[in-house]
Chemist: 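Below is a structure I'd like to ask you about.
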Number of protein chains: 2
Amino acid sequence: MPGPIQSIERAAAVLRLLASGARRMGVAELARALELPKPTVHGILRTLQLVGFVEQSPDTGKYQLGAALFHIGSSYLDGNELRTRALNWSDSLASRSMESVRIGTLHENQVLVVHHVFRPDNSRQVLEVGALLPSHASALGKVLLADDPVGLSLADDEPLKAYTPATITDLDALSDTLEQVRQRGWASDVEELVDGEVSLAAPIRDRRAVTVGAVGISGPVERLCDEKKQPRTDLVSYVREAARSISRELGAIPW
Amino acid sequence: MPGPIQSIERAAAVLRLLASGARRMGVAELARALELPKPTVHGILRTLQLVGFVEQSPDTGKYQLGAALFHIGSSYLDGNELRTRALNWSDSLASRSMESVRIGTLHENQVLVVHHVFRPDNSRQVLEVGALLPSHASALGKVLLADDPVGLSLADDEPLKAYTPATITDLDALSDTLEQVRQRGWASDVEELVDGEVSLAAPIRDRRAVTVGAVGISGPVERLCDEKKQPRTDLVSYVREAARSISRELGAIPW
DNA sequence: TTGACCGTTCGACCATGTCGAACCCACGGC
DNA sequence: GCCGTGGGTTCGACATGGTCGAACGGTCAA
């Protein structure tokens, strides 16, 4: 019976919509967005509520994501070998570089952050685990795109979004950058996603030498770059060494 | 049509099983556990894979949770008002107490950790957001149980598990403790979950004065307790003040 | 080779989910 | 006050769409 199960597909679509839409949504609202009859959507919601994947505000009647979904989703991290192996090394990268560290994987042409170590000072920082970053405007993303077999092909569906004046929006320019990333073995993003913010990243490879993730640091341009706005070479080394260590932990042959 | 949708219920069961079972699982394994025919389970898995909720190892053929599920689940936190409002206050609680801070809600008779601030030193700590704690053996849990309308009634399904010699395993004893928690307005756990570990917590209430969560700190017994193994009163005050501040932020009338 | 086990495909039956119509609220304009 | 419009929810007949026994191709150990 090679054919997906309709009701499950629809339930997933409902969940995705509830996740993207910032706020709680009503049955009618969801039904309109999915172009489905109201009772159909309601049946799905009722079931999702039963299993705890969505919750309903008793007063407004609107729906939002449920705690059970959150808990189940977070146990994805336990099974994620990349993250498990990388825990120690990312900590030490954070203390060597004195910057915040992130580890990401490619997911639907974006970077899914699976681990995040705060900068080792006591400043307030927001946890970004589970967040998605644009792949063309972050160092993590460039590293992942550069080695991805599918690579840029998916990207041409929609134009590259400009986040700052420095964001690469031209496909050919990006392609050149990725070629450079492949050759150098690391990537940078200098104020391409957020003004004043810089990030550096290097690839993590598994035993088959396939790039399965990327590790990198990010911080203000004053600390990560020299006076010519070039990434500091010592930090680049730290990142590359961390990436290599994690790769070795995953069974990769040092390259 | 008041009746849950079978296939969605089953899909949820599959996901729950994949989340609890530490490792990747095969079709046959899942089918046996759920007492369903193999092709049925396979159909569900195929659909879940299509939407990215599960992934399949290309070599072993076994299944594990997928990245999409993780990302959707993590956006539960955005819509969680409790967590959003509590961010600032938990940070300052962490720096005042110099201990790690956690915020939790009751979920299926356990404590779901929705926020976690590391202890403000540079030690290595594991992120516990998304984890579940036993409610009878943690300060957070006691606070939540004490004010829960359903409360202990659910607990008598299965006996209280002993984690350490100090864990409260007797229902009557727990009931007395909860009464005390209600009166004092805060709860403690002295080596009841982990040897040498102590936690303190206080309730967070919303505008209707309903307890919607709890905030607390945890750390080694030497730092959190005095020589009589009693929680330090200054730390208790910090925790209670933080809880009250968050409650006020949620619209509660100071009690 | 054999057998046991795996993940996967096939296809017919009929249980199951679907969706138009109708219901009951809470609002808000008239 | 009344009706109209919107919300979330229930009903029920129809047929779509999911289910599961049987069978297929693969891998591994004996």
Side-chain angles (χ1 to χ4, degrees), chain A residues 1-19 21-66 69 79 81 207-208, chain B residues 1-19 21-66 69 79 81 207-208:
Chain A
M1 173 253 294
I5 294 171
Q6 192 186 60
S7 50
I8 298 183
E9 268 189 306
R10 290 176 171 181
V14 167
L15 292 176
R16 235 195 303 274
L17 215 51
L18 282 175
R23 289 290 89 216
R24 293 158 228 259
M25 300 178 91
V27 177
E29 198 176 352
L30 289 163
R32 251 178 283 122
L34 297 170
E35 299 183 16
L36 287 174
K38 226 179 2 166
T40 305
V41 174
H42 182 249
I44 294 170
L45 283 170
R46 190 157 18 76
T47 311
L48 289 175
Q49 184 179 26
L50 185 78
V51 298
F53 284 14
V54 307
E55 291 165 4
Q56 186 178 27
S57 314
D59 39 338
T60 63
K62 296 198 181 299
Y63 292 88
Q64 62 177 320
L65 294 182
L69 187 71
E81 197 183 353
R207 66 207 109 234
R208 290 184 297 271
Chain B
M1 169 257 287
I5 293 171
Q6 193 186 58
S7 50
I8 298 183
E9 268 190 305
R10 291 177 170 179
V14 168
L15 292 176
R16 236 195 303 275
L17 214 52
L18 282 174
R23 288 289 91 217
R24 291 159 229 259
M25 300 177 93
V27 177
E29 199 176 352
L30 289 164
R32 252 178 282 123
L34 297 170
E35 299 182 16
L36 287 173
K38 222 172 11 160
T40 303
V41 174
H42 181 251
I44 293 170
L45 283 170
R46 190 158 20 76
T47 311
L48 289 175
Q49 184 178 26
L50 184 78
V51 297
F53 285 13
V54 305
E55 292 165 2
Q56 186 179 26
S57 315
D59 39 337
T60 63
K62 295 197 182 300
Y63 292 86
Q64 61 177 320
L65 294 182
L69 188 72
E81 198 183 353
R207 66 207 103 223
R208 290 184 297 269

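In what follows, chains are A, B, ... by sequence order, proteins preceding strands, each numbered from 1. Keep in mind it's a predicted model, so treat the numbers as computed, not measured.
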Chemist: Counting just side-chain N and O atoms, does A/His42 come under 4.0 Å of either OP1 or OP2 of D/dT9?
Modeler: yes
Chemist: Report yes or no: does B/Gln56 contribute a side-chain atom to a donor-acceptor pair with the main-chain N or O of B/Gly61 at less than 3.5 Å?
Modeler: yes
Chemist: Is any side-chain heavy atom of A/Leu34 closer than 4.5 Å to one of A/Arg10?
Modeler: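 Sidechains of A/Leu34 and A/Arg10: no contact.
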Chemist: Return no unless some side-chain N or O of A/Gln56 is found under 4.0 Å from OP1 or OP2 of D/dT9.
Modeler: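 For D/dT9, OP1/OP2 do have a side-chain N/O of A/Gln56 under 4.0 Å.
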Chemist: Side chain to side chain contact (heavy atoms under 4.5 Å, CB included), that's the test. Do A/Phe53 and B/Leu15 meet it? Break it down for me.
Modeler: CA-CA 11 Å; A/Phe53 284 14; B/Leu15 292 176; 4.0 Å; yes
Chemist: What is the separation between atom CZ on B/Arg46 and atom P on C/dC10, rounded to the nearest whole Å?
Modeler: 10 Å
Chemist: Roughly, in whole Å, what's the span from CG in A/Leu34 to C1' in C/dT18?
Modeler: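 My rounded result for the distance is 15 Å.
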Chemist: Whole angstroms only, please: what is the CG-C1' distance between B/Leu36 and D/dG18?
Modeler: 12 Å
Chemist: Measure the distance from CZ on B/Arg32 to C1' on C/dC6 and round it to the nearest whole Å.
Modeler: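 These atoms are roughly 10 Å apart.
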Chemist: By nearest nucleotide on DNA chain D, pick out whichever of A/Gly61 and B/Gln6 is the more 5' one.
Modeler: A/Gly61
Chemist: Would you say the side chain of B/Lys38 and the base of C/dG7 hold a donor-acceptor pair, judged only by whether the two atoms sit under 3.5 Å apart?
Modeler: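 Answer yes: a donor N or O sits under 3.5 Å from an acceptor.
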Chemist: Starting at atom NZ of B/Lys62, determine the distance to atom P of C/dT8, rounded to an integer number of angstrom.
Modeler: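 The distance from NZ of B/Lys62 to P of C/dT8 comes to 11 Å, rounded to the nearest Å.
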Chemist: Here's a test of your reading of the structure: between A/Val27 and A/Ile8, which maps to the more 5' nucleotide of DNA chain D?
Modeler: A/Val27
Chemist: Just N and O in the side chain of A/Tyr63: are any of them under 4.0 Å from OP1 or OP2 of D/dT9?
Modeler: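 For D/dT9, OP1 or OP2 has a side-chain N or O of A/Tyr63 closer than 4.0 Å.
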Chemist: To the nearest 0.5 Å, what is the distance between CD1 on B/Ile5 and CG on A/Leu50?
Modeler: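 CG of A/Leu50 is found 11.0 Å from CD1 of B/Ile5.
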Chemist: B/Ile5 CD1 to D/dT9 P: how many Å, rounded?
Modeler: 14 Å
Chemist: Do any side-chain nitrogens or oxygens of B/Arg10 fall under 4.0 Å of OP1 or OP2 in D/dG18?
Modeler: no
Chemist: Give the rounded distance in Å between these two atoms: CD of B/Gln49 and C1' of C/dT8.
Modeler: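 Going from B/Gln49 (CD) to C/dT8 (C1'), I get 12 Å.
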Chemist: When the distance from CD of B/Gln64 to P of C/dG7 is rounded to whole Å, what number comes out?
Modeler: 14 Å
Chemist: Apply the side-chain contact (heavy atoms from CB on, under 4.5 Å) test between B/Leu30 and each candidate in B/Ile44, B/Leu36, B/Val41; give the one that qualifies.
Modeler: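 The passing option is B/Val41.
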Chemist: For D/dC20 and B/Thr40 - does any side-chain N or O of the residue sit under 4.0 Å from the phosphate oxygens OP1/OP2?
Modeler: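 Looking at the OP1 and OP2 atoms of D/dC20, one of them is under 4.0 Å from a side-chain N or O of B/Thr40.
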